[in-house]
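Hydrogens, waters and symmetry mates play no part in the numbers below; they use all other heavy atoms, side chains included. Each chain gets a letter, A, B and so on, in the order its sequence line appears, and its residues count up from 1.
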Protein chains: 2
Amino acid sequence: MTQKTASRPRTRIQQEKRELILEAALEVFSAHGFRGSTVDQIAVAAGMSKPNLLYYFKGKEDIHATLMQRLLDTWLAPLRELDDIGDPMTELRGYIRRKLEMARDYPRESRLFANEILQGAPRILPLLQGELKRLVDDKVEVMRGWMRSGRIARTDPWHLIFAIWATTQHYADFDVQVRAVLGPDRGGEGRFEDAARFLETLFVEGLRPKA
Amino acid sequence: MTQKTASRPRTRIQQEKRELILEAALEVFSAHGFRGSTVDQIAVAAGMSKPNLLYYFKGKEDIHATLMQRLLDTWLAPLRELDDIGDPMTELRGYIRRKLEMARDYPRESRLFANEILQGAPRILPLLQGELKRLVDDKVEVMRGWMRSGRIARTDPWHLIFAIWATTQHYADFDVQVRAVLGPDRGGEGRFEDAARFLETLFVEGLRPKA
DNA sequence: CTAACGTTTGTCCAATCGGTCAAAATTTGC
DNA sequence: GCAAATTTTGACCGATTGGACAAACGTTAG
């Protein structure tokens, strides 16, 4: 008997299968939520039997927790990149663009987190109150510096971050609605370009420092 | 045997009980999603037994469908009110304020719809493509008029609407995250006032027509 | 009072769920 | 090539779920 998930997997095949399962779980969890997904669905999506999947993970919760933990860093990377060096407007435009690219290229990850938060974040609330809050507090200070030096308009940095989160993730989380409203002609791939142009203008003009 | 849900309920007690069940279902569905909620939970929340609840509704799907249908009009009311009369900026500020008030006063309704859309809107996709799209198309034309007459900046009306939806509903759908990030001191009731001030400034400045 | 109608409940059922287990199949180390 | 270790599977289990049903309970009109 190996020790399974207790410590790092040993064999190469365990690494690969665990990765395969996590990829399948991302697909299933992001589409149906935690309660709406079944272990069997994940197993089928991973191309293996349910007992086989449970040989690599202790259970449904374990898969979800591993997935969430592994993806959090990736998800927060764009905000981490926001830095004090360079022009504030360029920094903010870059952040918005990166977030929008993530909504376009990783919509499943976005929906996975959205599902979790919507349900009250029962599994990652400590992470939000700890790691995420510290990161945001840090970036809020950066923005306050920009405001003090008059390089962006004086406004609430927290709600500015919320607004960027909301507008960008909207295109991943509410993709169906966006497509439905835009219709077949405007709902194609170009919608992300249109969104990028609009959001950059909105935030740049909206944050232009007053004379 | 009465005809239950086939046509409108006849007795006064049926009206009341159906309303009671829908209120309980809103509470449960918005907190756990459709798949995550059980008929028993709804029955308990409504203060009755499961078979008794099933006497008033054909089944779980029936409750959800009735709830969704009944709430859609309420949910779209703020957008319907957006009108061509009066100052465009005042109209838009009013719309943002109304949407934010709905996020504050009716967070369960917001989460109910968010859950549905997140799962791919399996039950209301036709409504989005029909009723909602027509309404948005209509308001887009109103905004285009404002842009042609130079009263707001020329920009993409569709994505403007998306941005207003996203930023306002964010405070209902991602409430846990907002509270966690703001912390105990700033996460109190005042957060909606702060959000309103920020969003009004962002959109008014962001849409100010260029000279 | 009582018969008809509307309401409520206890009990039950089939399906689905997460998870276990021992045995079979396969891979690996020597 | 072979024994030990790892991987895979079929069969199974208890719990939960949505829903059915007939019997019991209440209510009201005559």
Enquirer: Test of understanding: with side-chain hydrogen bond (donor to acceptor under 3.5 Å, both in side chains), list the residues that count as partners of E19(A), not counting sequence neighbours.
Expert: R70(A)
Enquirer: If you take any heavy atom closer than 4.0 Å to DNA chain D, which residues from residues 44-51 of chain B end up in contact?
Expert: K50(B), P51(B)
Enquirer: Would you list the pairs meeting side-chain hydrogen bond (donor to acceptor under 3.5 Å, both in side chains) in which at least one residue belongs to residues 164-185 of chain A, sequence neighbours left out?
Expert: Y95(A)-W165(A), S110(A)-D173(A), Y171(A)-H159(B), D175(A)-R179(A), D175(A)-R191(A)
Enquirer: Over how many whole Å does the gap from L54(A) atom CG to dC13(D) atom P extend?
Expert: 18 Å
Enquirer: Judged by modelled atom types alone, do W146(B) and D84(B) share a side-chain donor-acceptor pair under 3.5 Å?
Expert: yes
Enquirer: Rounded to the nearest angstrom, tell me the gap between atom CD1 in I42(A) and atom P in dT16(C).
Expert: 18 Å
Enquirer: Does dT9(D) have OP1 or OP2 under 4.0 Å away from a side-chain N or O of N52(A)?
Expert: yes
Enquirer: Whole Å only: how far is the NZ atom of K60(B) from the P atom of dG18(D)?
Expert: 4 Å
Enquirer: Rounded to 10°, tell me the angle between the two end axes of the helix from dC1(C)-dG30(D) to dC30(C)-dG1(D), each built from five pairs.
Expert: 10°
Enquirer: Is the number of heavy atoms from other residues, nucleotides or ligands within 6.0 Å of CZ (F192(B)) greater than 12?
Expert: yes
Enquirer: Residues in side-chain contact (heavy atoms from CB on, under 4.5 Å) with R134(A), at least two apart?
Expert: E131(A)
Enquirer: Scan for salt bridge (Lys or Arg N to Asp or Glu O under 4.0 Å) pairs involving residues 156-167 of chain B, sequence neighbours excluded, and state none if there are none.
Expert: R186(A)-D156(B)
Enquirer: Give every pair of a protein N or O atom and an N or O atom of nucleotides 22-26 of chain C that lie under 3.5 Å apart, one pair per line with the distance.
Expert:
none

Enquirer: Calculate the interatomic distance between R18(A) atom CZ and dT7(D) atom P; express it in whole Å.
Expert: 12 Å
Enquirer: Do L26(B) and L71(B) come close enough that some side-chain heavy atom pair is under 4.5 Å?
Expert: yes
Enquirer: Sequence neighbours excluded, which residues qualify as side-chain hydrogen bond (donor to acceptor under 3.5 Å, both in side chains) partners of E200(A)?
Expert: R93(A)
Enquirer: Looking only at side-chain N and O atoms, does K17(B) come under 4.0 Å of OP1 or OP2 in dT8(C)?
Expert: yes
Enquirer: With sequence neighbours left out, which residue pairs that include part of residues 44-53 of chain A fulfil the salt bridge (Lys or Arg N to Asp or Glu O under 4.0 Å) condition?
Expert: none
Enquirer: Could you tell me how far apart D40(B) (CG) and dG19(D) (P) are, to the nearest whole angstrom?
Expert: 12 Å
Enquirer: Would you say that more than 12 heavy atoms from the other residues, nucleotides or ligands in this model lie under 6.0 Å from the CD of E101(A), or not?
Expert: yes
Enquirer: Identify whether the distance between the nearest side-chain nitrogen and carboxylate oxygen of E61(A) and R123(A) falls below 4.0 Å.
Expert: yes
Enquirer: Suppose we screen for salt bridge (charged side-chain N to carboxylate O under 4.0 Å, His left out). Which residues come up paired with E193(B), at least two apart in sequence or across chains?
Expert: none
Enquirer: So, is Y56(A) near the phosphate of dT8(D), with a side-chain N or O under 4.0 Å from OP1 or OP2?
Expert: yes
Enquirer: Strictly below 4.0 Å, heavy-atom distances to any atom of DNA chain C: list the hits from residues 19-33 of chain B, or just say none.
Expert: none
Enquirer: Cation-pi check for W75(A) against K99(A): NZ or CZ below 6.0 Å from the six-membered ring centre and within 45 degrees of the axis, yes or no?
Expert: yes
Enquirer: Show me the pairs that pass side-chain hydrogen bond (donor to acceptor under 3.5 Å, both in side chains) and involve residues 25-48 of chain B, at least two apart or across chains.
Expert: E27(B)-R108(B)
Enquirer: Specify the separation, in whole Å, of atom CZ of R35(A) and atom C1' of dT17(D).
Expert: 10 Å
Enquirer: What is the distance, rounded to the nearest whole Å, between atom CG of D62(B) and atom C1' of dG18(D)?
Expert: 13 Å
Enquirer: Looking at Q14(A), I'd like to know whether one of its side-chain N or O atoms comes within less than 4.0 Å of OP1 or OP2 on dT6(D).
Expert: no
Enquirer: Do any side-chain nitrogens or oxygens of Y55(B) fall under 4.0 Å of OP1 or OP2 in dT8(C)?
Expert: no
